[in-house]
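Report on the structure given below.
All values below come from the heavy atoms of this structure, side chains included, with hydrogens, waters and symmetry mates left out.
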Amino acid sequence: MKEYNHLRIEPKWRKIWEKKGINKTLDKTNKPKFYILDMFPYPSGQGLHVGHPRGFVATDIYSRFKKMNGFNVLHPMGWDAFGLPAENYAIKMKVNPMLMDKLNVKRYKEQISILGLNYDWTREINTTDPNYYKWTQWAFLQMYKKGLVVESDEPINWCPSCKTGLANEDLEDGKCERCGTTIEKKPLRQWVIKITDYADRLLADLDELKDWPENIKESQRNWIGRSEGSELWFNIVHSEEKIRVFTTRPDTLFGVTYIVLAPENKLVDELKPFIKNWPEVEKYRDEVKKKTEIERTTVDKNKTGLLLEGVEAKHPITKEKIPVFIADYVLNNYGTGAVMAVPAHDERDFAFAKKYNLAIKEVISGGNIEKEAYTRSGILINSGEFDDLDNEEAKTKITDAADGEKKVTYKLKDWVFSRQRYWGEPIPLIHCENCGVVPVPEKDLPVKLPKVKFYEPTGTGESPLAAITKWVNTKCPVCKGKAKRETNTMPQWAGSSWYYLRYIDPKNKKALVDKKKEKYWSPIDLYVGGGEHNTRHLIYARFWHKFLFDIGIVNYKEPFMKLMNLGMILGSDGRKMSKRWGNVVNPDDVVKNVGADTLRVYESFMGPFDQEIAWSTDNMVGSRRFLDKVWKLQDKVIKKKKVENKSAKLSETETSTGKEFEILLHKTIKKVTDDILNFSFNTAISAFMILVNFAETRPNGCSSGRETEITKSDYEIILKLLAPFTPHMAEEIWANLGHKKSIHLEKWPKYDEEKLVLEKIIISVQINGKPRATFEMPIKSTQGEVEKIAFSKEEVSKWLVGKKILKKMFIKEKILAIITN
RNA sequence: GCUCGGGUGGCGGAAUUGGUAUACGCGCAACACUUAAAAUGUUGUCUGCGAAAGCGGAUGCGGGUUCGACUCCCGCCCCGAGCACCA
C-alpha cells in the first residue's frame with residue numbers, strides 16, 4: 001500500500017472528474033430534482049479564508065449525498081461581483097473595477113476549486129456580466145411599469161466615506177455596514193422601490209416557511225415591524241390644518257394632554273403663521289439636524305422639546321384645547337411624524353411630561369401613575385361615555401367615535417435603490433426634456449456600464465457616470481428629442497435578489513428564465529448562508545421573487561423552502577478573521593499541508609453547523625489521523641485469495657468482518673444518513689470515528705489472536721458513506737479496490753433494520769434513583785428474568801439488606817428501578 | 001425594554017419520547033517501538049475522600065414535578081443574535 005499522499009491524489013482526481021464531466025447537471029431526467037444553493041460570494045480581492053468554505057463544504061456533502069440517493073441535483077456557484085466591497089477594493093488598489101473583477105473571480109475560483117466541490121461550473125454566473133444584468137434591468141423596468149418605482153427627494157442615509165446614498169438595510173447601528181462610517185441624513189433625488197407594498201405578504205408568508213429557523217423568521221418580523229393601530233385627526237384651532245397621528249392605543253385618547261410633532265414635520269412649516277416663537281423653533285430644528293442618527297435614536301431619558309406658542313389642537317371628542325410641541329423623540333419617518341401624547345400610559349410621554357411639567361391624566365386603571373406610566377391593559381376611567389369598558393374593546397369604539405381609521409404601519413422602509421457610484425447596474429431610465437422620465441425600451445437592454453478612466457465616487461451626489469457625456473447624452477425613445485440617461489446605479493442587492501433563477505437557465509437570451517425549466521427546478525430546496533443576510537438579502541430576494549410571481553415569471557411565491565444559517569469560523573484567538581488581527585488562515589495552505597479532504601472533515605467535525613466557532617489548526621490533526629486510519633484499512637481487507645483457498649466455492653459473502661462489526665456498521669449507516677439530513681455533520685464524523693476505530697482494533701467480534709480484517713464489501717460501504725465528506729480519498733481507495741467507475745456515481749448504502757435490533761441489551765438497576773448495577777440481558781427479557789439476575793448481584797443485594805421494597809418499576813430493555821424505605 | 005437562541009471536563013463538543021451524563025476529537029500523563037526525537041500504537045484522564053474496593057458530589061444559580069431531570073415547570077444570573085424614543 002502506498003502512503004496516503006493527498007498532494008498526489010487530490011489534483012489527480014479533480015482533473016479526471018472535470019474531464020468526465022461528472023458534476024454536470026442535466027435539465028431533463030427521470031429523477032426527482034433537488035436544488036441546493038450557497039449564498040454566492042462577492043469576490044473582494046482579499047481571497048477566501050478558511051471560514052468561507054464551511055458552508056460550501058456542507059452543501060457539497062449534502063448534494064453528493066442527494067445524488068447518491070437518486071436525485072437530480074442542481075448545485076451551482078457564481079459571483080456577486082458588483083457593489084461597494086469590490087469597488088472600494090479596486091479603488092484602493094488603483095485598478096479598474098472591471099479588470100479587478102476578473103482577477104478576483106479567478107482567484108476565488110481557484111481557491112474554491114481545490115476543495116473538491118462538485119459545482120456545475122457550466123452554469124457559473126456573474127452579476128456584472130451584461131448578459132446577466134440585462135435581466136436585472138429588465139425586472140427593474142417591470143417594477144417601474146407597475147408603479148413600484150418612484151422618484152423621491154426625501155433625506156436619505158448618506159455615507160460620507162463611500163459617498164453614496166444607502167438603504168436602511170445597509171446600516172448597522174447608524175453606521176455604514178461596509179466601512180463603519182457614521183451615516184448622515186442628506187436630501188437627494190433618488191429612485192425608491194416601494195417594498196412596503198409587499199410588507200404584509202413578506203410578513204404573512206413567513207408562517208408558511210416551516211423549514212426556516214425560528215430566529216431568522218423572528219428577525220424578519222422585527223425588521224418588517226408591523227404594528228396595528230389607528231390614525232386619528234386633531235384639528236388646529238383657528239386653522240384649516242389638521243394634525244394626523246398614528247397610535248396603537250386609541251383607547252387612551254381621553255388621556256391626551258399634548259401633541260408632539262417631529263421637528264422635521266412639514267406641518268410645522270405650514271403652521272409658521274401661527275407660531276409666535278418661530279425663531280426659537282428654527283434654532284431647535286437646527287440643533288436637531290446636527291445630531292447624528294445614533295444620538296437621535298439612543299434611548300435617552302433626557303428628552304428635549306419646544307412648545308409651539310400660539311398653536312393649539314382640538315381634542316376630536318372632548319373638543320378641549322391641547323398644546324402642541326416639537327420634540328426629537330418623535331421620528332418623522334415613522335407613522336405620521338406626529339404623536340398624541342398620553343403621559344399616563346406611555347413611558348416616553350411620561351418622561352417628557354415630567355420634564356416640562358405637563359398634565360398627566362389617568363384613563364386606564366390598574367397602575368400607579370404618580371410613580372410611572374402604566375402601559376398595560378385595564379378598564380377605562382375618566383373617559384366619558386367609554387368608562388368601564390375593557391381597553392381592548394375601547395380601541396375600536398373610540399376610533400370610530402373620533403372619526404379615526406384603523407391602520408397598520410411598518411418599520412420596514414421603502415428600498416432606496418440609487419447609488420451614486422460607478423460599479424453597479426445602470427438604472428435603465430432616461431430623462432427626456434419633453435417627455436420626462438422614460439424607461440429604456442426592452443429591446444435596448446442591457447444598458448451597458450461604460451468603460452471609464454475615472455470611477456472614483458464624486459461626493460457631489462452624482463454618480464461618476466454623470467461625467468461621461470458621450471454615454472449620458474442620448475435620444476428619447478419616445479420623441480427622439482434630447483435626453484439624458486439616469487446616471488445612478490443599482491445597489492449590490494439588486495443582482496443578488498434573483499440570481500438563483502438564472503442558474504436554472506444561465507444562457508437564455510430571450511427570457512430571464514425559461515418557464516418549463518423554472519417549474520422543474522423551483523423552488524430552492526435548501527439555501528445555506530450567513531446570518532448577516534437575514535434582514536438584507538433574504539428580504540430583498542423574497543420581495544423580488546414575489547414580484548416576479550405577480551407578473552407570472554415564477555411559479556412559487558417563496559423562493560427558498562429550507563434555510564440554514566452557518567456559524568462563522570473565527571480566528572484561533574476568538575476574533576473575527578481579519579488582516580487587522582493577523583489571525584487569518586488561508587485554505588490554500590491548509591489544503592497543501594493536510595489536504596482538502598482533511599479540511600472538509602475538520603470543518604464538518606469542529607462543531608454544530610450553525611454555531612460560531614474558533615479555528616484550531618491543532619485540533620485539525622484529529623481529522624487527519626482519522627483519514628490515515630481509513631486509508632490504512634486498505635491493508636486489512638480480506639484478500640480474495642484467502643477465501644478461495646478454503647474452498648473454491650465459498651463466496652465472499654460467507655466471510656464477514658464479524659457480528660458486532662456488522663451491527664455497528666448498520667447503526668453507522670443510519671446515523672450518518674440521519675445526521676447529513678439534519679446538518680449534524682459533527683456527529684456523523686464522530687460515528688465514522690467510532691466505526692473505524694472498531695474496525696481497526698477489534699475485528700471479528702471479540703475474538704483474540706486473529707489478524708485484524710475487514711471484508712471488501714464492508715470496507716466499500718464505509719467508503720461510500722465517506723465519499724461525500726472525503727471525495728478524493730474515497731475515490732482513490734475505490735479505484736485501488738479495482739473499480740473502474742467513480743464512487744460518486746454509486747448508490748448510497750441502505751441499512752438493514754433487522755441488523756439494528758440487538759440480541760443483548762444493557763439493563764441498569766436503579767435503587768432509590770441511583771444507578772447501582774448494570775448487566776447484559778437477552779433482548780425481550782421479562783421483569784422476572786431481570787429481577788432474578790439483579791437480586792443475585794452483590795451490588796444490588798447489599799443495598800436491600802434490612803430494607804423493605806416499597807415499589808418496583810420495570811422499563812423493558814432499559815431500567816429496573818427499586819424503591820426501598 | 002421586547003423577541004429568539006444558548007450556558008455540560010483543561011478545550012471543541014455528545015446525550016432518542018425524561019432512563020448508565022461527559023460519546024467523538026484535541027490536549028495532558030504513562031508505557032511500547034526508537035541510539036534519540038518525530039510519527040504510530042496501547043492504557044489512563046469530571047471532581048472530593050480513600051492505598052484499594054468503594055462511597056459521595058457535579059450539566060449557570062435557587063426552587064418544583066418524578067422512582068428517576070442536561071432534558072419538563074416556576075423564579076433569577078450570565079453570554080450571543082435581532083429590533084428599539086416605532087407612538
Side-chain angles (χ1 to χ4, degrees), chain A residues 173 213-227 229-230 245-250 252 260 262 296-303 327-331 333-342 345-349 351-352 375 409-412 531-532 534-535 565 567 601-602 605-608 610-623 625-626 628-629 632 671 674 680 682-693 696-697 762-775 795 798 806-811 813-820:
Chain A
D173 292 329
E214 196 48 46
N215 67 319
I216 301 181
K217 289 198 271 188
E218 202 54 36
S219 291
Q220 293 209 353
R221 287 189 193 108
N222 281 338
W223 188 263
I224 295 166
R226 180 189 153 96
S227 92
S230 299
V245 304
F246 173 75
T247 178
T248 53
R249 294 296 302 272
T252 62
V260 191
R296 180 81 188 269
T297 55
T298 305
V299 180
D300 182 6
K301 292 282 173 266
N302 190 18
K303 304 200 181 314
D328 66 351
Y329 81 88
V330 174
L331 306 174
N333 57 4
Y334 182 79
T336 60
V339 301
M340 57 177 225
V342 186
H345 305 290
D346 181 282
E347 282 170 24
R348 289 152 303 163
D349 298 341
F352 191 82
T375 56
T409 58
Y410 299 94
K411 280 186 225 167
L412 182 74
E532 70 273 20
N534 290 352
T535 56
N565 261 172
V601 167
Y602 175 56
F605 184 56
M606 52 196 312
D610 57 0
Q611 199 171 297
E612 208 173 66
I613 205 154
W615 177 266
S616 162
T617 301
D618 289 343
N619 281 3
M620 192 165 57
V621 304
S623 300
R625 280 179 195 153
F626 164 65
D628 285 334
K629 284 182 189 177
K632 281 186 194 157
K671 176 86 178 137
D674 293 347
S680 303
N682 54 334
T683 50
I685 299 292
S686 153
F688 276 124
M689 286 171 168
I690 292 168
L691 180 71
V692 170
N693 286 346
E696 196 196 27
T697 58
I762 291 171
I763 298 281
S764 168
V765 180
Q766 297 184 356
I767 299 169
N768 294 330
K770 286 195 189 299
R772 294 301 183 185
T774 57
F775 47 85
E795 307 101 273
K798 71 174 179 185
L806 302 176
K807 202 173 172 186
K808 284 186 288 193
M809 229 165 308
F810 182 65
I811 287 96
E813 284 153 31
K814 274 179 187 161
I815 298 278
L816 174 67
I818 299 166
I819 299 97
T820 69

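As judged by a 4.0 angstrom heavy-atom cut-off over every strand, A:Pro213 is placed among residues making no nucleic acid contact. If you check every strand for non-hydrogen atoms under 4.0 Å, A:Arg772 touches sugar and phosphate atoms only. Nucleic acid contact for A:Thr774: base, since at least one base atom lies under 4.0 Å from a heavy atom of the residue. Counting any heavy atom pair closer than 4.0 Å across all strands shown, A:Ser764 reaches sugar-phosphate atoms only and no base atom. Within 4.0 Å (heavy atoms only), A:Ile762 reaches at least one base atom of the nucleic acid. Within the nucleic acid shown, A:Ile690 comes within 4.0 Å of sugar-phosphate atoms alone, with no base atom in reach, counting heavy atoms only. Backbone-only engagement by A:Lys798 is indicated by non-hydrogen atom pairs under 4.0 Å involving sugar-phosphate atoms exclusively. When heavy atoms are screened at a 4.0 angstrom cut-off, A:Gly769 is found touching the sugar-phosphate backbone but no base atom. Using a 4.0 Å heavy-atom cutoff across all strands shown, A:Lys807 reaches sugar-phosphate atoms only and no base atom. At the heavy-atom level, A:Gln220 lies nowhere under 4.0 Å from the strands shown. Within the nucleic acid shown, A:Lys770 comes within 4.0 Å of sugar-phosphate atoms alone, with no base atom in reach, counting heavy atoms only.
Aromatic rings from A:Tyr410 and A:Trp223 are positioned such that their centres are separated by 6.0 Å or more.
Checking the phosphate oxygens (OP1, OP2) of B:G25, a side-chain nitrogen or oxygen of A:Asn693 falls inside 4.0 Å. Between A:Ser227 and the phosphate of B:A87, there is a side-chain N or O to OP1/OP2 separation shorter than 4.0 Å. Phosphate contact (OP1/OP2 of B:A84, side-chain N/O of A:Arg221, threshold under 4.0 Å): absent. An OP1 or OP2 oxygen of B:A81 is reached within less than 4.0 angstrom by no side-chain nitrogen or oxygen of A:Asn534.
The same atom, C1', is picked in B:G80 and in B:G60; the two are 15 Å apart, to the nearest Å. Rounded to a whole angstrom, the distance from the P atom of B:U71 to that of B:U16 is 12 Å. Between the C1' atoms of B:G63 and B:G82, the separation comes to 32 Å (whole Å). Taking the P atoms as reference points, B:G56 lies 13 Å from B:A21, given to the whole Å.
Side-chain atoms of A:Met689 lie closest to B:C24 of the nucleotides B:C24, B:A84, B:G13. Minimum atom distance to the side chain of A:Lys629 is reached by B:G41, of the listed B:C83, B:G41, B:G82. Listed nucleotides: B:A15, B:A87, B:U20. Nearest to the side chain of A:Ile815: B:U20. In this structure, of B:U20, B:A87, B:C4, it is B:U20 that holds the atom nearest to the side chain of A:Pro771. For A:Ile819, the side-chain atoms get nearest to B:C67 when compared with the rest of B:C86, B:G13, B:C67. Listed candidates were B:A14, B:G27, B:C86. Nearest to the side chain of A:Arg625 is B:G27. Among the nucleotides B:U20, B:C86, B:G12, the one closest to the side chain of A:Arg348 is B:C86. If you check B:C55, B:C26, B:C83 against the side chain of A:Thr535, the one that comes closest is B:C83. Side-chain proximity of A:Pro608 to the nucleotides B:G12, B:G13, B:G19 is greatest for B:G13.
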**OP:** Report the C-alpha distance between A:Asn565 and A:Asn534 in whole Å, list the side-chain angles of each, state the deciding distance to 0.1 Å, and finish with yes or no for side-chain contact (heavy atoms from CB on, under 4.5 Å).
**Re:** CA-CA 9 Å; A:Asn565 261 172; A:Asn534 290 352; 3.1 Å; yes

**OP:** Decide side-chain hydrogen bond (donor to acceptor under 3.5 Å, both in side chains) for A:Ser227 and A:Tyr334; before the verdict, give the C-alpha distance in whole Å, the side-chain angles of both, and the deciding distance to 0.1 Å.
**Re:** CA-CA 11 Å; A:Ser227 92; A:Tyr334 182 79; 3.2 Å; yes

**OP:** Any chance you could lay out the side-chain contact (heavy atoms from CB on, under 4.5 Å) test for A:Phe626 and A:Val601, step after step, and finish with the verdict?
**Re:** CA-CA 9 Å; A:Phe626 164 65; A:Val601 167; 4.3 Å; yes

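One atom, CD of A:Gln611, and another, P of B:G5, lie 15 Å apart when rounded to the nearest Å. Across the protein-nucleic acid pair, A:Lys671 atom NZ and B:U16 atom C1' stand 9 Å apart, rounded to whole Å. To the nearest angstrom, P of B:G25 lies 14 Å from CG of A:Asp628. If you measure from atom OH of A:Tyr410 to atom P of B:C86, you get 19 Å, rounded to the nearest angstrom. The CG atom of A:Asn619 sits 12 Å away from the C1' atom of B:G10 (whole-angstrom rounding). Atom CG in A:Asp349 sits about 12 Å away from atom P in B:A87, given to the nearest Å. Rounded to whole angstrom, the span from the CG atom of A:Asn222 across to the P atom of B:G5 amounts to 13 Å.
At a cut-off of 3.5 angstrom, the base of B:G19 holds at least one donor-acceptor pair with the side chain of A:Gln766. One can find a donor-acceptor pair under 3.5 Å joining the base of B:U17 and the side-chain atoms of A:Lys814.
Ring geometry for A:Trp615 against A:Tyr602 counts as perpendicular: the plane angle is over 60°, on a 0 to 90° scale with 30° as the lower cut.
Pairing for B:C70 is absent, judged as Watson-Crick or G-U wobble with the two contacts each under 3.5 Å. Base pairing of B:G54 is made with B:C49, judged by Watson-Crick or G-U wobble geometry with both donor-acceptor distances under 3.5 Å. Across all strands shown, B:G1 forms a Watson-Crick or G-U wobble pair with B:C83, both key distances being under 3.5 Å. The partner of B:A32, taking Watson-Crick or G-U wobble pairs whose two distances both stay under 3.5 Å, is B:U40. Across all strands shown, nothing is found opposite B:U16 as a Watson-Crick or G-U wobble partner with both distances under 3.5 Å. Across all strands shown, B:G75 forms a Watson-Crick or G-U wobble pair with B:C61, both key distances being under 3.5 Å.
Look at B:G9: its glycosidic torsion is within 90° of 0, and that puts it in the syn range.
The closest side-chain donor-acceptor pair between A:Asn768 and A:Thr820 falls under 3.5 angstrom.
Nearest heavy atoms, A:Lys671 versus A:Ala687: CG-CB, 3.6 Å.
Side-chain contact between A:Ile818 and A:Val765 is present, with at least one heavy-atom pair separated by less than 4.5 Å.
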